[in-house]
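This report concerns only the one structure given below.
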Amino acid sequence: MGVEFTKEDHVAYITLNRPDAMNSLDPESVTKLAEIWSEVQNDDDIRVSVLTGAGEKSFCTGTDMKKTPPPAECMASIWLREGQPIVPHMKMWKPIICAINGYAVGGGMEMALACDLRIASSNAKFGLTEVKVASLAGLNGTQCMPRAIPQAVAMKMLLTGEMIDAKEAHRVGLISDVVEPGELMDLAKKLALRIASNAPLSVKAAKQAAVMGLEMPLEHGIAFSHLLWGVLRDTEDRKEGFTAFAEKRAPEWKGR
Ligand SMILES: CC(C)(COP(=O)(O)OP(=O)(O)OC[C@H]1O[C@@H](n2cnc3c(N)ncnc32)[C@H](O)[C@@H]1OP(=O)(O)O)[C@@H](O)C(=O)NCCC(=O)NCCSC(=O)/C(=C/c1ccccc1)CC(=O)O
């Protein structure tokens, strides 16, 4: 199967599973991913996701350039009907952790950029290589890379199409952690469980405030986050969080 999906302890695990093709995205995988992200978004039992690739060589190398047929429809009709593929489906306030287990290239790099946390194995490599195949990092790469890392490094990546290794990616802040390949999923799970143990509405609000706030002047961002705090103030979970603290017990979240 092109994409595997399991869930456990409020965590969704999504694995791109075409290691022989470097987990590149063939049309079936793109469709499957869209279905999975929709399920993640609508399933209240899921609080956080881990996106990774099968094997130890590649997270994802973007579009499967051998299996993707020429478009059947012009871009305008697709765009005006449903927007871009892949990344909009990842637009949700539940956090997504990307566990980058090898190459994160082209659309694979762009999916990683659409995630909230990026962790990688020491053999990972990162690149927006689309210019090498006469295309463009048109999902989000041209916009998100310069926002994620220093502009000079982002421009070098975008214009040369060259890759950087995990050490450099860590140095420039593209990823938060680098571990040995065998330790990657343990770290992803640990982080996911840590997030899932927090109050689900608070986690979503923190992401919303941070992501939307990035596009606002500071004062507006602070006002917006204060409003979000107000939205959370009267939730059952906030009462439960304070009570559990006072009673020295673990809280039981209801997500309301
Ligand atoms: C990543 C590599 C440098 C690895 O090289 P290596 O030598 O280690 O391994 P290979 O022998 O090259 O790969 C093994 C096997 O996998 C096949 N493979 C790898 N990547 C792809 C791919 N993207 N599509 C199809 N097949 C792939 C490879 O052919 C081998 O198969 P075999 O010969 O054994 O049958 C190297 O693999 C590499 O450079 N890969 C290509 C990376 C790349 O250029 N990615 C960009 C693709 S374009 C894209 O992602 C776009 C995204 C997008 C943008 C906007 C909107 C939608 C999508 C642009 C677009 O679609 O236009």
Side-chain angles (χ1 to χ4, degrees), residues 10-14 33-34 36-44 46-52 59-60 79 82-100 104 107-120 126 128 137-151 153-154 157-158 169-170 172-177 187-188 191-233 235 237-238 253 255-256:
H10 305 295
V11 181
Y13 294 92
I14 300 144
L33 266 180
I36 290 170
W37 288 125
S38 167
E39 187 169 341
V40 168
Q41 184 152 30
N42 293 321
D43 183 343
D44 286 340
I46 295 173
R47 295 180 184 170
V48 58
S49 310
V50 173
L51 173 66
T52 192
F59 159 59
C60 173
W79 177 262
E82 61 190 31
Q84 292 169 299
I86 308 173
V87 171
H89 300 294
M90 295 172 73
K91 265 194 184 165
M92 65 181 87
W93 301 123
K94 295 177 185 181
I96 305 175
I97 299 168
C98 192
I100 301 158
M109 181 70 252
E110 296 184 274
M111 278 199 300
L113 283 166
C115 296
D116 303 294
L117 271 69
R118 283 178 293 280
I119 59 174
F126 307 80
L128 291 170
L139 280 174
N140 63 2
T142 61
Q143 303 308 303
C144 292
M145 191 61 94
R147 285 168 164 84
I149 63 174
Q151 202 219 11
V153 186
M157 290 179 76
L158 274 166
H170 191 236
V172 299
L174 184 57
I175 53 178
S176 62
D177 300 79
L187 176 60
L191 289 168
L193 290 175
R194 236 182 263 165
I195 294 170
S197 73
N198 292 329
L201 289 177
S202 298
V203 168
K204 284 194 212 173
K207 174 169 172 177
Q208 189 177 90
V211 171
M212 292 183 67
L214 266 180
E215 307 301 326
M216 297 177 192
L218 181 60
E219 233 176 283
H220 295 189
I222 291 171
F224 178 56
S225 82
H226 195 66
L227 274 177
L228 274 176
W229 169 82
V231 167
L232 290 174
R233 192 190 58 181
T235 58
D237 277 353
R238 186 164 176 273
W253 306 126
R256 55 178 186 261

Compare all side-chain heavy atoms of [X] with those of [Y] and state whether any distance is below 4.5 angstrom.
X      : Y      : answer
Arg238 : Arg233 : yes
Ile195 : Ile97  : yes
Val203 : Arg47  : no
Ile14  : Ile96  : no
Met216 : Met212 : yes
Ser176 : Ile119 : yes

Nearest heavy atoms of [X] and [Y], plus distance in Å:
X      : Y      : result
Phe126 : Met157 : O-CE, 3.6 Å
Phe59  : Ala104 : CD2-CB, 3.8 Å
Leu228 : Ala205 : CD1-O, 3.6 Å
Lys207 : Trp93  : CD-O, 3.5 Å
Pro150 : Val172 : CD-O, 3.6 Å
Leu139 : Glu110 : N-OE2, 2.8 Å

Return the [atom1] to [atom2] distance between [X] and [Y], rounded to the nearest 0.5 Å.
X      : Y      : atom1 : atom2 : result
Met111 : Ile100 : CE    : CD1   : 10.0 Å
Asp116 : Met90  : CG    : CE    : 8.5 Å
Asn42  : Lys94  : CG    : NZ    : 7.5 Å
Leu158 : Met109 : CG    : CE    : 10.5 Å
Asp177 : Arg118 : CG    : CZ    : 12.0 Å
Glu39  : Ile46  : CD    : CD1   : 6.0 Å

_Side-chain (Thr52) to main-chain (Ala99) donor-acceptor, under 3.5 angstrom_ =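 Indeed, once roles are kept as given, a pair shorter than 3.5 Å links the two residues.
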Using side chain to side chain contact (heavy atoms under 4.5 Å, CB included) as the criterion, list what pairs up with [X], not counting sequence neighbours.
X      : value
Cys144 : Leu113, Asn140
Asp237 : Pro200, Thr235, Trp253, Lys254
Val231 : none

